[in-house]
Amino acid sequence: EVQLVESGGGLVQAGGSLRLSCAASGFTFDAYTIGWFRRAPGKDREGVSCISISDGSTYYKESVKGRFTISSDNAKNTVYLQMNSLKPEDTAIYYCAAVMAVVSGILPAYEYDYWGQGTQVTVSS
């Protein structure tokens, strides 16, 4: 059974940091790209970052470049999203997703095969 389980969300003040984790199981981890998406209240889901596990290539939404870092621990089948200098506009439910592909950018959500349940990130001003 394929599972993606996010953790690490919470409440933080503006300027603070959080590290999200996405633990994957049930598929060949290194054949996939893992993406982080978020959905803010009243807004559409948007891609934030992704990493192709096989070659380690990473991609970021422009507004998070320099603040967020995506990484993977292949021994643990886990992808992390380190979020620094958080802003109130980063408040959203964050989801990780998996697609069996090596990508050259952030794919739209409909391209992804598997999704986690999401973790809430709230940044207070």
Side-chain angles (χ1 to χ4, degrees):
E1 178 189 5
V2 173
Q3 279 194 316
L4 295 171
V5 180
E6 302 97 334
S7 61
L11 173 64
V12 64
Q13 288 188 329
S17 298
L18 285 173
R19 188 178 80 157
L20 305 184
S21 299
C22 173
S25 61
F27 59 90
T28 306
F29 189 66
D30 59 6
Y32 279 71
T33 286
I34 306 296
W36 283 99
F37 290 78
R38 66 187 181 188
R39 187 191 298 273
K43 295 187 178 181
D44 291 333
R45 182 171 45 185
E46 62 178 4
V48 175
S49 181
C50 65
I51 181 168
S52 287
I53 303 302
S54 62
D55 66 4
S57 55
T58 60
Y59 303 92
Y60 297 92
K61 175 181 172 62
E62 192 63 34
S63 63
V64 307
K65 284 182 180 178
R67 300 190 298 122
F68 291 9
T69 302
I70 192 169
S71 62
S72 69
D73 183 335
N74 295 359
K76 296 182 178 179
N77 282 11
T78 299
V79 169
Y80 304 98
L81 186 68
Q82 178 67 44
M83 305 187 297
N84 299 329
S85 302
L86 282 161
K87 304 175 181 180
E89 52 263 44
D90 295 317
T91 294
I93 301 174
Y94 284 71
Y95 301 87
C96 66
V99 58
M100 188 175 177
V102 177
V103 302
S104 58
I106 299 178
L107 297 181
Y110 66 80
E111 295 279 4
Y112 283 77
D113 301 313
Y114 306 112
W115 290 83
Q117 81 289 350
T119 186
Q120 177 70 48
V121 171
T122 303
V123 184
S124 64
S125 56

For residues 49-90, the disulfide (SG to SG under 2.5 Å) pairs (sequence neighbours left out) are none

Indicate if V48 and V123 have the same hydrophobic cluster label, given that clusters are the connected sets of ILVMFWY residues with side-chain heavy-atom separations under 4.5 angstrom.
-> yes

All heavy atoms of S125 vs all of P88, minimum pair found to be CB-CG, 3.8 Å

Among Ile, Leu, Val, Met, Phe, Trp and Tyr joined by side-chain contacts under 4.5 Å, find the other residues sharing a cluster with Y80 and list them by chain and number.
-> none

By side-chain hydrogen bond (donor to acceptor under 3.5 Å, both in side chains) - contacts of S72 (at least two apart) | N74

Using residues 4-25 as the side-chain source, report each donor-acceptor pair under 3.5 Å to any protein atom, sequence neighbours left out, with the distance given to one decimal.
unit_1 : atom_1 : unit_2 : atom_2 : d
E6     : OE1    : Q117   : N      : 2.9
E6     : OE1    : Q117   : NE2    : 3.4
E6     : OE1    : G118   : N      : 2.9
E6     : OE2    : C96    : N      : 2.8
E6     : OE2    : G118   : N      : 3.2
S17    : OG     : N84    : OD1    : 2.9

Nearest 0.5 Å please: distance from the CD1 atom of I53 over to the CD1 atom of I34.
-> 5.5 Å

Residue pairs passing the ring pair (Phe, Tyr, Trp, His ring centres under 6.0 Å) test where at least one lies in residues 29-59, sequence neighbours excluded | F27-Y32, F37-Y112, F37-W115

Path from Y60 to V79 over hydrophobic side-chain contacts below 4.5 Å | yes

Starting at CD of Q120, measure out to OG1 of T122 and round the result to the nearest 0.5 Å.
-> 4.0 Å

Heavy-atom closest pair, residues Y95 and G116 | CD2-O, 3.7 Å

Linking Ile, Leu, Val, Met, Phe, Trp and Tyr by side-chain heavy atoms under 4.5 Å, what else ends up with V102?
-> none

Here the salt bridge (charged side-chain N to carboxylate O under 4.0 Å, His left out) pairs for residues 44-56, sequence neighbours left out, are R38-E46, E46-K61

For T28, the side-chain contact (heavy atoms from CB on, under 4.5 Å) test, sequence neighbours excluded, returns D30, A31

Please assess Y94 against R39 for the test side chain to side chain contact (heavy atoms under 4.5 Å, CB included), listing each intermediate value before the final yes or no.
-> CA-CA 7 Å; Y94 284 71; R39 187 191 298 273; over 6 Å; no

For residues 98-110, the side-chain hydrogen bond (donor to acceptor under 3.5 Å, both in side chains) pairs (sequence neighbours left out) are none

Could you list the donor-acceptor pairs under 3.5 angstrom formed by side chains in residues 62-69, with sequence neighbours left out?
unit_1 : atom_1 : unit_2 : atom_2 : d
E62    : OE1    : K65    : NZ     : 3.1
R67    : NE     : S63    : O      : 3.4
R67    : NH1    : S85    : O      : 3.0
R67    : NH1    : D90    : OD2    : 2.7
R67    : NH2    : S63    : O      : 3.1
R67    : NH2    : D90    : OD1    : 3.1
R67    : NH2    : D90    : OD2    : 3.4

Report whether V103 and I106 are members of the same hydrophobic cluster (ILVMFWY, side-chain heavy atoms less than 4.5 Å apart, transitive linking).
-> yes

Residues at least two apart in sequence or cross-chain that pass side-chain hydrogen bond (donor to acceptor under 3.5 Å, both in side chains) with K87, listed by chain then number, are none

Return the set of residues passing side-chain hydrogen bond (donor to acceptor under 3.5 Å, both in side chains) with E1 (not counting sequence neighbours), or none when no residue passes.
-> none

